[in-house]
Amino acid sequence: MNRPETKALLGDEALAEQVQSGDQAAFAALAHRYGPKLAAFAGKVLLDQTIGEDVVQDAFLKFWQQPGRYDPAKAGFSTWMHKVVFNRCLDHKRRRGFAPLEDAPQQIDMAALAPDVMAANERDRAVQAAINTLPERQRAALLLCHIDGVSNQDAADILDVKLKALESLLSRARASLRSALMPMKEELL
């Protein structure tokens, strides 16, 4: 069972144990299984997909170098790796200042000029902009629970907060989004 295709059939904990033995195929299977989802999550937390991909690559590299840091008795691999990536995102934000979203260049799709497509794009941008203005812990809680489909308990573990604190973060995030998007209520429905 040395090929990556065969490794894909194994559970996360079995693969992580094999990574501790230096099994590259097991590492590749875990990276393939979680890399894209974690990169999307990190990109949304950092508001930059490219940097998010770099953070995830760095997190997987550290896991390869020190696989013993993962303890299956404490958390599932997915929860643990989300937490590692989230903490690396926070570290990255502390090291480097981020320019406000308003300073980012706007990309306009000239091919999509149909009014309904433009309206949909505008709604999507407004919703994304409202999400981007949330404090990072509220944004991360919202992304984990409502976008990535992570359970509330796992999200609480990833963010290193109690379940009640996570529910409070989600409640405040939803309230902020409702308030920010209220002017667009009719267009969003």
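The structure presented is a predicted model; accordingly, all values stated were derived computationally and were not measured.
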Please find the pair of heavy atoms, one from [X] and one from [Y], that lie closest to each other, and give the distance.
X: A42; Y: V85; value: CB-CG1, 3.8 Å
X: L181; Y: A126; value: CD2-O, 3.8 Å
X: A140; Y: F86; value: CB-CE1, 3.3 Å
X: Q138; Y: S176; value: OE1-OG, 4.1 Å
X: S179; Y: P183; value: O-CD, 4.0 Å
X: A29; Y: L15; value: CB-CD1, 4.0 Å

Inset, instruction - Decide yes or no on salt bridge (Lys or Arg N to Asp or Glu O under 4.0 Å) for R94 and D91, but give the supporting numbers first. - result: CA-CA 5 Å; R94 285 184 198 114; D91 290 345; 3.0 Å; yes
Inset, instruction - Kindly determine whether D12 and R33 satisfy side-chain contact (heavy atoms from CB on, under 4.5 Å), including the steps that lead there. - result: CA-CA 9 Å; D12 296 344; R33 187 176 292 171; 2.5 Å; yes
Could you tell me if the side chain of [Y] sits less than 4.5 Å from the side chain of [X], heavy atoms only?
X: R69; Y: K62; answer: no
X: E53; Y: Q57; answer: no
X: L10; Y: Q18; answer: yes
X: I131; Y: K44; answer: no
X: N152; Y: L170; answer: yes

Measuring from atom [atom1] of [X] to atom [atom2] of [Y], what distance do you get when rounded to the nearest 0.5 angstrom?
X: R174; Y: L134; atom1: CZ; atom2: CG; value: 11.5 Å
X: L143; Y: F41; atom1: CG; atom2: CZ; value: 6.5 Å
X: I158; Y: C145; atom1: CD1; atom2: SG; value: 8.5 Å
X: L159; Y: E136; atom1: CG; atom2: CD; value: 10.0 Å
X: D58; Y: I51; atom1: CG; atom2: CD1; value: 13.0 Å
X: M81; Y: R88; atom1: CE; atom2: CZ; value: 9.0 Å

Backbone of [Y] reached by a side-chain donor or acceptor of [X] within 3.5 Å:
X: Q20; Y: P67; answer: yes
X: T133; Y: A130; answer: yes
X: D148; Y: V150; answer: no
X: Y70; Y: E17; answer: no

Legend entry - Cluster link L61 to L90, ILVMFWY, side chain under 4.5 Å: no
Inset, instruction - Starting from the C-alpha separation in whole Å, work towards a yes-or-no answer on ring-ring contact (aromatic ring centres under 6.0 Å, His included) for F77 and F63. - result: CA-CA 11 Å; F77 182 80; F63 171 59; 5.3 Å; yes
Legend entry - Criterion side-chain contact (heavy atoms from CB on, under 4.5 Å) on D160 and N87, from CA distance to verdict: CA-CA 10 Å; D160 202 23; N87 287 336; over 6 Å; no
Legend entry - H32 NE2: over 12 foreign heavy atoms closer than 6.0 Å: no
Inset, instruction - Answer yes or no: are there more than 12 heavy-atom neighbours, outside Q24 itself, under 6.0 Å from its atom CD? - result: no
Inset, instruction - Before accepting this row, confirm whether a basic side-chain N of the pair K83/D157 lies closer than 4.0 Å to the acidic partner's carboxylate O. - result: no
Legend entry - L142/L177 under side-chain contact (heavy atoms from CB on, under 4.5 Å): CA gap, chis, key distance, verdict: CA-CA 10 Å; L142 187 79; L177 288 177; 3.5 Å; yes
Inset, instruction - Would you please classify the geometry between the F27 ring and the F60 ring as parallel, tilted or perpendicular, with 30° and 60° separating the classes? - result: perpendicular
Inset, instruction - Would you please name every residue forming a side-chain hydrogen bond (donor to acceptor under 3.5 Å, both in side chains) with S168, sequence neighbours left out? - result: R172
